[in-house]
A.B. asks: 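Here you go, one structure.
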Amino acid sequence: MNIYLIGFMGSGKSTLGRLLAHRLGQEFVDTDDLIQKRARKTIAEIFRSEGEAHFRKLETLCIAEVAQQKNLVVALGGGAPIKEENWRMLKNTGLSIYLRVSPQTALARTKDGPDRPLIAGRNHREKLESIKRLLNLREPYYSRADIVIENNGDDPEETVEEILSRLKTLWKSSK
Ligand code: S3P
């Protein structure tokens with residue numbers, strides 16, 4: 001069984017995924033990294049040259065690839081849980097954890113770092129508006145996760161402890 005971390009851009013999926021994998025002694029995979037490796041292009045380049053629809057196809061292929069493996073901790077791109085085909089694979093092969101953040105946290109955490117085409121090239125106010133809009137649309141999909149964790153704080157170790165304790169409770173109750 002895999003553990004899938006889902007949530008908006010800047011929700012901490014990669015940071016917490018890496019820490020969680022370490023604590024559980026499992027391998028960590030980031031589907032955004034896998035897509036870039038397979039396509040030999042950055043995500044921004046894929047969006048620019050082939051468009052979002054093509055990116056979503058590559059994303060589904062990479063999810064299918066990780067879903068065939070076992071005992072991974074997987075960080076997924078923010079848009080992955082919206083597609084039913086992806087969601088089915090997550091449900092059938094693992095447990096999902098939604099890292100919920102406020103629009104303000106998402107904005108602050110996506111200021112630096114890799115290009116995110118869906119919220120790129122805008123000023124502060126416009127970026128916050130587009131984050132709010134997308135987050136509202138996606139919340140119903142994200143909330144289908146088995147575990148929901150608020151991640152607006154700035155101590156990843158603390159959040160990992162919370163995830164581990166929630167996992168233990170869930171595993172105990174399913175025995
Ligand atoms: C996207 C999120 C990004 C990346 C792509 C699209 C989205 O991943 O997959 O830019 O639709 O929310 P992160 O959530 O890891 O930033």
Side-chain angles (χ1 to χ4, degrees), residues 2-21 27-67 72-90 94 96-122 124 126-145 147-152 154 156 159-160 163:
N2 292 332
I3 294 176
Y4 296 107
L5 295 177
I6 65 170
F8 203 73
M9 295 168 254
S11 59
K13 294 162 292 189
S14 305
T15 306
L16 290 174
R18 234 173 244 117
L19 288 172
L20 185 64
E27 199 185 320
F28 171 71
V29 178
D30 184 315
T31 57
D32 280 347
D33 289 345
L34 192 60
I35 294 166
Q36 299 185 101
K37 208 163 119 190
R38 296 282 178 265
R40 298 204 184 109
K41 281 180 189 167
T42 65
I43 288 175
E45 279 164 359
I46 302 171
F47 267 76
R48 215 170 331 149
S49 58
E50 283 118 335
E52 182 177 351
H54 183 71
F55 169 79
R56 297 297 172 200
K57 280 188 196 149
L58 299 179
E59 186 172 51
T60 297
L61 287 175
C62 285
I63 295 173
E65 188 178 329
V66 297
L72 301 177
V73 175
V74 184
L76 291 140
I82 315 310
K83 193 163 153 186
E84 281 308 315
E85 187 182 352
N86 296 344
W87 185 252
R88 240 177 292 124
M89 289 193 273
L90 306 188
S96 48
I97 302 175
Y98 168 31
L99 301 175
R100 180 187 270 140
V101 290
S102 67
Q104 287 74 13
T105 302
L107 178 69
R109 296 215 194 115
T110 52
K111 264 205 331 251
D112 309 309
D115 261 1
R116 278 146 163 132
L118 291 180
I119 50 171
R122 296 187 166 94
H124 185 91
E126 281 177 356
K127 202 168 159 182
L128 187 61
E129 283 313 308
S130 65
I131 288 175
K132 281 184 184 164
R133 196 165 6 90
L134 255 186
L135 198 48
N136 263 334
L137 282 173
R138 290 176 172 184
E139 179 67 27
Y141 297 91
Y142 292 152
S143 340
R144 300 188 291 187
I147 294 176
V148 180
I149 300 266
E150 300 292 328
N151 190 31
N152 292 296
D154 51 17
T159 314
V160 165
I163 294 177

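Remember, it's 1-based here, ligands and their atoms both numbered in the order they're listed.
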A.B. asks: Do Pro117 and Arg48 come close enough that some side-chain heavy atom pair is under 4.5 Å?
C.D. replies: no
A.B. asks: Could you pull out the N/O contacts under 3.5 angstrom between ligand 1 and the surrounding protein atoms?
C.D. replies:
{"from": "ligand 1", "atom 1": "8 (O)", "to": "Asp32", "atom 2": "OD2", "distance (Å)": "2.7"}
{"from": "ligand 1", "atom 1": "9 (O)", "to": "Asp32", "atom 2": "OD1", "distance (Å)": "2.8"}
{"from": "ligand 1", "atom 1": "9 (O)", "to": "Asp32", "atom 2": "OD2", "distance (Å)": "3.4"}
{"from": "ligand 1", "atom 1": "11 (O)", "to": "Arg56", "atom 2": "NH2", "distance (Å)": "2.7"}
{"from": "ligand 1", "atom 1": "11 (O)", "to": "Gly79", "atom 2": "N", "distance (Å)": "3.4"}
{"from": "ligand 1", "atom 1": "11 (O)", "to": "Arg138", "atom 2": "NH2", "distance (Å)": "2.7"}
{"from": "ligand 1", "atom 1": "12 (O)", "to": "Gly79", "atom 2": "N", "distance (Å)": "3.3"}
{"from": "ligand 1", "atom 1": "12 (O)", "to": "Arg138", "atom 2": "NH1", "distance (Å)": "2.7"}
{"from": "ligand 1", "atom 1": "12 (O)", "to": "Arg138", "atom 2": "NH2", "distance (Å)": "3.4"}
{"from": "ligand 1", "atom 1": "14 (O)", "to": "Lys13", "atom 2": "NZ", "distance (Å)": "2.4"}
{"from": "ligand 1", "atom 1": "14 (O)", "to": "Gly78", "atom 2": "N", "distance (Å)": "2.9"}
{"from": "ligand 1", "atom 1": "15 (O)", "to": "Asp32", "atom 2": "OD2", "distance (Å)": "2.9"}
{"from": "ligand 1", "atom 1": "16 (O)", "to": "Arg116", "atom 2": "NE", "distance (Å)": "2.9"}
{"from": "ligand 1", "atom 1": "16 (O)", "to": "Arg116", "atom 2": "NH2", "distance (Å)": "3.3"}

A.B. asks: Parallel, tilted or perpendicular, judged at 30° and 60°: which one describes the rings of Phe55 and Phe47?
C.D. replies: tilted
A.B. asks: Residues in side chain to side chain donor-acceptor pair (under 3.5 Å) with Glu65, at least two apart?
C.D. replies: Arg38
A.B. asks: Are Glu139 and Tyr98 close enough that a side-chain donor and a side-chain acceptor fall under 3.5 Å?
C.D. replies: yes
A.B. asks: Holding to side chain to side chain donor-acceptor pair (under 3.5 Å), I want the full list of residues that pass it with Lys57, two or more places apart in sequence or in another chain.
C.D. replies: none
A.B. asks: Under the side-chain contact (heavy atoms from CB on, under 4.5 Å) rule, collect the residues that match up with Thr105, sequence neighbours excluded.
C.D. replies: Val101, Ser102, Arg109, Asn152
